[in-house]
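Taking it in order: structure first as structure tokens, then the write-up.
Here is how names work: the chains are called A, B, and so on, in the same order as the sequence lines, proteins then strands, and each is numbered from 1.
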There are 2 protein chains.
Amino acid sequence: MTLPAKPIPAASQPNGSGASRQGDGARAPVISIRDLKAHCSTCSMRELCLPVGLNAEELRQVETVFGNRVKLRKGDSLYRAGEAFSSLYAIRIGSLKTTVLAEDGREQVSGYHMLGDIIGLDGIGTDHHGCQAVALEDTEVCVLPFERLEDLARNMTALQHNLYQFLSREISRDHHIMLLLGSMRAEERLAVFLLNLSDRYRRRGYSSTEFVLRMTREEIGSYLGLKLETVSRLFSRFQETGLIQVQGRAVKLLDPAALKQLVGQRS
Amino acid sequence: MTLPAKPIPAASQPNGSGASRQGDGARAPVISIRDLKAHCSTCSMRELCLPVGLNAEELRQVETVFGNRVKLRKGDSLYRAGEAFSSLYAIRIGSLKTTVLAEDGREQVSGYHMLGDIIGLDGIGTDHHGCQAVALEDTEVCVLPFERLEDLARNMTALQHNLYQFLSREISRDHHIMLLLGSMRAEERLAVFLLNLSDRYRRRGYSSTEFVLRMTREEIGSYLGLKLETVSRLFSRFQETGLIQVQGRAVKLLDPAALKQLVGQRS
DNA sequence: GATGCAGATTGATCTACATCAAACTTTCGG
DNA sequence: CCGAAAGTTTGATGTAGATCAATCTGCATC
């Protein structure tokens, strides 16, 4: 099931550039690249990430524990379902999808994660990753060895609490996706998806009305419990009715209010 | 939105008896009933619950923190969405459903919890409960004040780890429900539901093939993203094909293997 | 700049499940 | 023990979204 590890030429591409497509699903080795140690104090995601609310001295301590960074190219797996769990990962740059798979091989996108997000949380309970994490573009994550995180949390109330909060928020998010999957029409699902992205981009200081989707129609469909054709049709319909403007993966929300209103509407 | 609190006559009914139906959705006050303090050391759910793996001395400490017990009658709410969060709850006797609700009022069952389960985990992240918990029968829970739990966890590695694990496992469970809601046919969903119950009853020492459902067809449907009529038809069909035997809420699994095989099958 | 291929769009048709409807059964308060 | 209400079953019909299929578009590689 697991492809052989394939080393990545260290720091071959500054992230965000037009790095060459890899897309072979290679496993990303956890490599420490020169002095690319995590530096939370200067990280732009400081206020959204795990160390939120820590003071300078605490930040310094946390940095000593937050291990190396890992670079991923588009299509690389950060971890796979079933692998031994040892670390959480904080996304510094880029984005990943996580997918769960059923016994019969069916696969479903269970999450769409962007910078500042912590992933790998579902591995704590069983000591094995319960899903696969795949980079959707060139991506960089900080490695957070969980045992050391636990140790540190014991003497740092704020960090301890942040950890509980991150886990808990993931649960809340999942509950809302369950609501979406269980009781919303296709149209509503896509609207919720777009509004959620909009909100997350806004909180990260990016435009909340113009962004580029990192997932294919098929991946979005999988995430929303729909088929790719349905997703495509909905994008077209939303464009026709003046709600959005779409050009492939590039989306512009023209009328977010109307999009919001659409949620919770009868057919 | 919140109904006025309504006191419950203390310990009017030994649990499990034919306690009179209440069903008015009354709010259960957190009452401490005489000396009904939690006693993990003698609790039958010790091995499944939060204190799993603690030694005798640790257990003793935990007991001092695990507050009072609360009794609920069928239909009572343990907490409601939006209420301030302060405690987790460990189910001692009985069962509860949790429901999330969308802005437009739509409600969906997000969980079906039985003895040994810890509920309220989604409140940690926001300091407010994200869902409502309603007793499905006469039920008793232990109150675990979260702040004191956090304090205790700082000096008790095993408890700290258990807490993280419980949170993480809830995430894994939710991911699997997302998989179910997003990509399984109605038949498969009900089969997974029944097999999951079977497994949970087995691990609690009850029969894994004969049990009584505590939810209505409508609640089961809501949980599985189906309509009550569909659930009812599926029960009938499963009975016709000899997979199960149903009599209202009483279910007997006649062929669990076939039920398992059904999952992941094309139409 | 040509070529190949993954991804996207759009149309026609099918179907699993929802919806509407009616009868039946169980539960529970009085 | 009766009657109302809640819950369940079963049938007839409707429909949102799936499936099948064909074409189109963009972008990565040579």
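Ion pairing between B:E170 and B:R173 holds under the 4.0 Å rule for side-chain N and carboxylate O.
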Legend entry - Where protein sits on nucleotides 8-14 of chain C, one letter per nucleotide: B base, S sugar-phosphate only, - none, heavy atoms under 4.0 Å: SBBBB--
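One can place CG of B:L226 at 18 Å from P of D:dA16, the figure rounded to the nearest angstrom. Whole-Å rounding puts the B:L136 CG to C:dT27 P distance at 16 Å. Between the P atom of C:dT27 and the CG atom of B:L213 lies a distance of 14 Å, rounded to the nearest Å. In this entry the distance linking CG of B:L234 with P of D:dT8 reads 14 Å, nearest Å. Rounded to whole angstrom, the span from the CG atom of A:L224 across to the C1' atom of D:dG17 amounts to 14 Å. When the C1' atom of C:dC28 is taken as reference, atom CZ of B:R73 falls 14 Å away, rounded to whole Å. Put simply, CD on A:E219 is 14 Å from P on C:dA6, counting in whole angstrom units. Note: CD (B:E187) to P (C:dT15) measures 16 Å, nearest angstrom.
Distance NZ/A:K252 to CD1/A:I244: 12.0 Å, rounded to 0.5 Å.
Residue-level contact check: A:G225 touches the backbone only, with heavy atoms under 4.0 Å from sugar-phosphate atoms and none from bases.
For the side chain to side chain contact (heavy atoms under 4.5 Å, CB included) test with B:S222, the passing option among B:R217, B:K97, B:Q108, B:R106 is B:Q108; the others fail.
Taking the six-membered ring where tryptophan is involved, the planes of B:Y79 and B:H129 are essentially parallel, since the angle between them stays under 30° and well short of 60°.
No more than 12 heavy atoms of other residues, nucleotides or ligands lie within 6.0 Å of CD in A:E218, so this atom counts as exposed by the packing criterion.
Side-chain atoms of B:A186 lie closest to C:dC17 of the nucleotides C:dC17, C:dC28, C:dT19.
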Inset, instruction - List the steps and the verdict of salt bridge (charged side-chain N to carboxylate O under 4.0 Å, His left out) for B:E187 and B:R237. - result: CA-CA 9 Å; B:E187 216 177 34; B:R237 177 133 51 100; 2.7 Å; yes
